[in-house]
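Okay, so here's the structure we're looking at.
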Amino acid sequence: MQINQLTRVYRYDGIDLPVPPHLADDPQGLRSYHATLYPAILNAELVDAGVSGAVHVTEYRRAVGTKG
């Protein structure tokens, strides 16, 4: 058996977002940090996109719909 260490990557609109080491284990803090870069992330859904190579991808997906 071999154990591989996966790196977690957060992606929004096809862009890999930075993950500061002090926020790596704090999902709410990380969402707030990413929202400073892209405000739409506050209303986005967090979706597990699976493993791709040696990274575990988590995506912020914008809610689709109309206002009102």
Side-chain angles (χ1 to χ4, degrees):
M1 179 186 327
Q2 182 178 358
I3 298 173
N4 295 328
Q5 184 72 23
L6 294 177
T7 304
R8 186 173 294 270
V9 172
Y10 289 86
R11 191 172 288 160
Y12 176 70
D13 212 16
I15 300 169
D16 289 347
L17 301 172
V19 178
H22 68 283
L23 293 175
D25 295 328
D26 181 13
Q28 290 299 336
L30 194 56
R31 180 185 285 261
S32 297
Y33 174 75
H34 289 152
T36 61
L37 303 171
Y38 299 98
I41 286 177
L42 286 175
N43 297 326
E45 180 182 10
L46 198 59
V47 178
D48 182 4
V51 176
S52 176
V55 296
H56 183 204
V57 180
T58 304
E59 293 183 356
Y60 292 106
R61 293 194 183 155
R62 289 181 282 183
V64 178
T66 58
K67 292 183 179 179

What pairs meet the side chain to side chain donor-acceptor pair (under 3.5 Å) rule with one or both residues in residues 18-33, with sequence neighbours excluded?
-> none
Run through the side-chain heavy atoms of Ile, Leu, Val, Met, Phe, Trp and Tyr, join any pair under 4.5 Å, and report what else lands in V57's cluster.
-> V9, V55
Could you list all the salt bridge (Lys or Arg N to Asp or Glu O under 4.0 Å) pairs where at least one residue sits in residues 50-59, not counting sequence neighbours?
-> E59-R61
If you look at every heavy atom in G29 and L23, which pair is closest and at what distance?
-> O-CD1, 3.9 Å
Output every pair passing salt bridge (Lys or Arg N to Asp or Glu O under 4.0 Å) with a member in residues 2-17, not counting sequence neighbours, ordered by first then second residue.
-> R11-D16, D13-R62
Residue list, side chain to side chain donor-acceptor pair (under 3.5 Å) with Y60, at least two apart or on another chain = H34
For V51, the rest of its hydrophobic cluster, which grows through side-chain links under 4.5 angstrom = L6
Residues 38-49 side chain polar contacts: donor-acceptor under 3.5 Å, at least two apart:
from : atom 1 : to  : atom 2 : distance (Å)
D48  : OD1    : G50 : N      : 3.0
D48  : OD1    : H56 : NE2    : 2.7
D48  : OD2    : H56 : NE2    : 3.4

